[in-house]
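Written out below as structure tokens is the structure these notes cover.
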Amino acid sequence: MNHKVLQLRELLNRKESEKKPHSAISSGCQPLDRLLPQRGFQQGSLVEWIAGGVGSGASLLALLAARSACYGGGALVLVDRGQSFYPPAANACQLDLQNTIVVHPANGRDECWAIEQALRCPDVAAVVAWPARLTSQAFRRLQLAAEHGSSLGLLIRSATARNESSWASVRMLVSPRSCPLECGDLSPLSISNSVATTKLLASPSQPTDKAMTSHRTPNRKGWRLGVELLRCGGLFGTKPIELEIDHQTGEVRDAYPLPLAAQLAGTAPDPRQATA
Amino acid sequence: MPLSEATALGNQYDGPPRPSNQHNDGLRGPSYKRTPLHIESHDPFEDHKALEEIAVWCHRFSPLVGLADEDPVETLLLDVTGIAPLFGGEQAMNQQIESAFLQQNLMVRIGLGDTVGAAWALAHYASATLRGRESFSAEVVTACGDVGPKKTPDPFAAEPRCAAQLLELPIEALRLPSAIVETLSRLGLQRVGDLMPLPRNELKARFGAILLQRLDQALGEQPEIIARTHSPTNFFVEWLFEHPVTQQSVIQQVIRQLIERLCFLLLKQDTGSLQLSYRLTCQDSKPVTFEVGCYRPSADASHLWKLTETQLERLMLRDPVTSISLCSIRHDRLSRRQKELFDDDHIRQDSSLVAALIDRMSSRLGRQAIVRCVLQSDAQPEKAYRYEPLVGGSVSRRKNNSHSPFSLLDRPLHLLAKPVALEIYDVAADGSPSRFQYGGKQYAVSRYWGPERIETGWWRQRGVQRDYYRVETSEGFRFWMFRSLRDGCWFLQGAFE
């Protein structure tokens, strides 16, 4: 294509992008969207998920956000230095593995480089990474790369990163909550109605493995995760919310949903503003 | 076959002893020594690459050599129309092909037919007496006569012969999908000849167009084209220095020129390179070689130079360089798309920018570091998936959109590469863990789901017998652990991060 045409296209694209602000990307769960001022994450920004500990569910929420970001098209890049990412679980999250690129960098330097390169690519919708250490300069580079490529960077950090400086536009602390005592059926001994299933996973021509599952019916309470918005733009330290992930459906909902009347009251326009 | 099964089988069966060339005194006869078992995991990409190399080598028998359209590819197609007299007849030609393969330590089955379909069928399913008009052994090569519909008789071609043989072969010989073969066998149609009396319209309505297409292709009623495998030596450029060179800048400049020359050759044939091989011959030491791979075929000199530049940065040259050669060892047709002034959002997936990103990252981090996930039907969690390199591994792009049998919280997002032994302090009466220690911290279990028994077959050397539990601690953290049924020890397999 003619060089002048390319220049024209770039110029027009720049002008257009100046006019329309970056649209918000849903976090993948409605209660979390309601917590965020823009009802989602800003395109071309970094989101930092601080995990409250091992097995806290921060990666799960980040992956749901990545899935949501990929709905509009674009690839998903997973930078997994520890090589511990488990694809069958991601498939259970309904993540499109065909559209997912997994990167296994050997060291921290390559990890930062890979995240930056992926964020800079305009056709990458989201980048998920678990960087152990990030210097302020490296963090800044990642932020600029995300802005340049309009990609969403989802960084899952350990609890020690909470006191470090951050260039992420949104910072969240994810820590699980213990199941409330009033559940009643928490004790494993009280679980009943055991169901046993057997499945064969190989074709007759191949050696077969068998997995016999003996599930006890879990209680109806899902996994509860507390999410605290540490920072979001100029917003600091909001009231934490509690999410509940349903065991059967995988639906993420508010653990303490407001009564219908209160919800309607919250969504209804303020009559004083209306009359003003 | 999984690696563990191959190892188990290999340990059970050492294989026949091989004669040793070193000790043969004529009296005691040849002494034998057992070669140690060597097992390597199967790499489909390397397999395909090796077959392509063999296809190129087969150009000595035929000017038109290609690979069959099957998955996995295991058949070579040679168009030998009018060639047999050059070898002294068809029998002599087949014998020469067979002996040439045997010299390369390759076992082959040769089928000689009037069409690609017939030759494929004869090579795979005919008995030794039917294969070709003469008897031939082995497995990989299919040599065929006329390709396409029957036309003017060729003075060198033999009389039509394979149709009758073909009708006696099993239905599988028609290269049909397994579902159709299964249905046909349920209906009692076992051989190709059983299809002939049936009405064609009904066959098409019941089994789709593929059945008649394959049948017609085998019988020569429909044409079938052999996709030519090109010789990689077509795309080769070299620079010989008048005097040995040590300056990095000069070497870089020469390589840039070589890339431009190679791209010119590639573009002339509307081809892009998938893998480039560099060879820098040094004055006093061994040649330095390195390779550069691409996700998509590329003949863009600046893109190929960028990929090469990252490799050159890490290259250590100790001796002066006397010559530099550049060869495209894998290439394919360039994919072209109509350019638009404003690209739409829906084109973003699998875009050229993503391809360029993959190339850049592969060039710096290595081919094995940029991968795609492929799920596998295996109960053992560690073997339920595998990674395929994106660059170079694009031979078989299988769809991987299988529906997950698990729900969101059935499996953890992080799996430990090797299960970590756990110290269990307390076990409930039903065998579930109540208190355990991990990472120097004690956890009390408040809820659990399980046991989920996972055990692999006895034929696996390192099979597993485990009872898995998903546990939630009193603080709400979730882990995936198991008790080995062999020794009763507890291990942590993953965490619900």
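So you know, we letter chains A, B, ... as the sequences are listed, proteins then strands, and number each from 1. In this text, all values refer to a predicted model and were calculated from it rather than measured experimentally. The figures here come from the full heavy-atom set of this structure, side chains too, leaving out hydrogens, waters and symmetry mates.
- Summarising the local packing, CD of B:E182 is surrounded by 12 or fewer heavy atoms from other residues, nucleotides or ligands at distances under 6.0 Å.
- Note: A:Q94 CD to B:L408 CG = 8.5 Å, rounded to the nearest 0.5 Å.
- Listed options B:F496, B:F477, B:Y385 were ranked by heavy-atom pairs under 4.5 angstrom with chain A; first place goes to B:F477.
- Ranked by non-hydrogen atom pairs under 4.5 Å with chain A, the options B:A369, B:G494, B:A495, B:S434 are led by B:A369.
- Only the side chain of B:L365 comes within contact range of chain A, judged by heavy atoms closer than 4.5 Å.
- Side-chain contact between A:V54 and B:E497: present, with at least one pair of heavy atoms (C-beta onward) separated by less than 4.5 Å.
- The most heavy-atom pairs under 4.5 Å with chain B, out of A:A89, A:G82, A:G52, A:C93, come from A:A89.
- Residue contact with chain A, scored on non-hydrogen atoms closer than 4.5 Å, is absent for B:A417.
- The residue among A:S84, A:A62, A:A58 with the most heavy atom pairs within less than 4.5 Å of chain B is A:S84.
- Using a 4.5 Å cut-off between heavy atoms, A:A114 contacts chain B through both its backbone and its side chain.
- The distance from the CD1 atom of A:I101 to the CD1 atom of B:I358 is 4.0 Å, given to the nearest 0.5 Å.
- For the atom pair CG (A:L60) and CZ (B:R478), the distance works out to 10.0 Å, reported to the nearest 0.5 Å.
- When side chains are defined from C-beta on, A:D123 does not count as touching B:L357, because their heavy atoms never get closer than 4.5 Å.
- A distance of 12.0 Å separates OG of A:S56 from CD of B:E475, quoted to the nearest 0.5 Å.
- Only the side chain of A:L63 comes within contact range of chain B, with at least one heavy atom under 4.5 Å from a heavy atom of that chain.
- B:R364 pairs by the salt bridge (Lys or Arg N to Asp or Glu O under 4.0 Å) definition with A:D110, not counting sequence neighbours.
- Contact tally against chain B (heavy-atom pairs below 4.5 Å) for A:P176, A:A90, A:S59, A:G55: the top residue is A:G55.
- Chain B forms more heavy-atom pairs under 4.5 Å with one residue of A:P88, A:A106, A:A118 than with any other, namely A:P88.
- Taking all atoms of both residues into account, the shortest heavy-atom contact from B:H414 to A:Y86 is N-CB, 4.5 Å.
- The contact between B:L413 and chain A is made by backbone and side chain atoms together, counting heavy-atom distances below 4.5 Å.
- Heavy-atom pairs under 4.5 Å with chain B peak, among A:D80, A:V102, A:V174, at A:V102.
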Using residues 68-75 of chain A as the side-chain source, report each donor-acceptor pair under 3.5 Å to any protein atom, sequence neighbours left out, with the distance given to one decimal.
from: A:S68; atom 1: OG; to: A:S26; atom 2: O; distance (Å): 2.8
from: A:Y71; atom 1: OH; to: A:R67; atom 2: NE; distance (Å): 3.4

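- Chosen from B:Y438, B:W480, B:F479, B:Y468, the residue pairing most often with chain A at heavy-atom distances under 4.5 Å is B:F479.
- Atoms CG and SG, on A:L78 and B:C373 in that order, are 7.0 Å from each other to the nearest 0.5 Å.
- For the atom pair CZ (B:R360) and SG (A:C121), the distance works out to 7.0 Å, reported to the nearest 0.5 Å.
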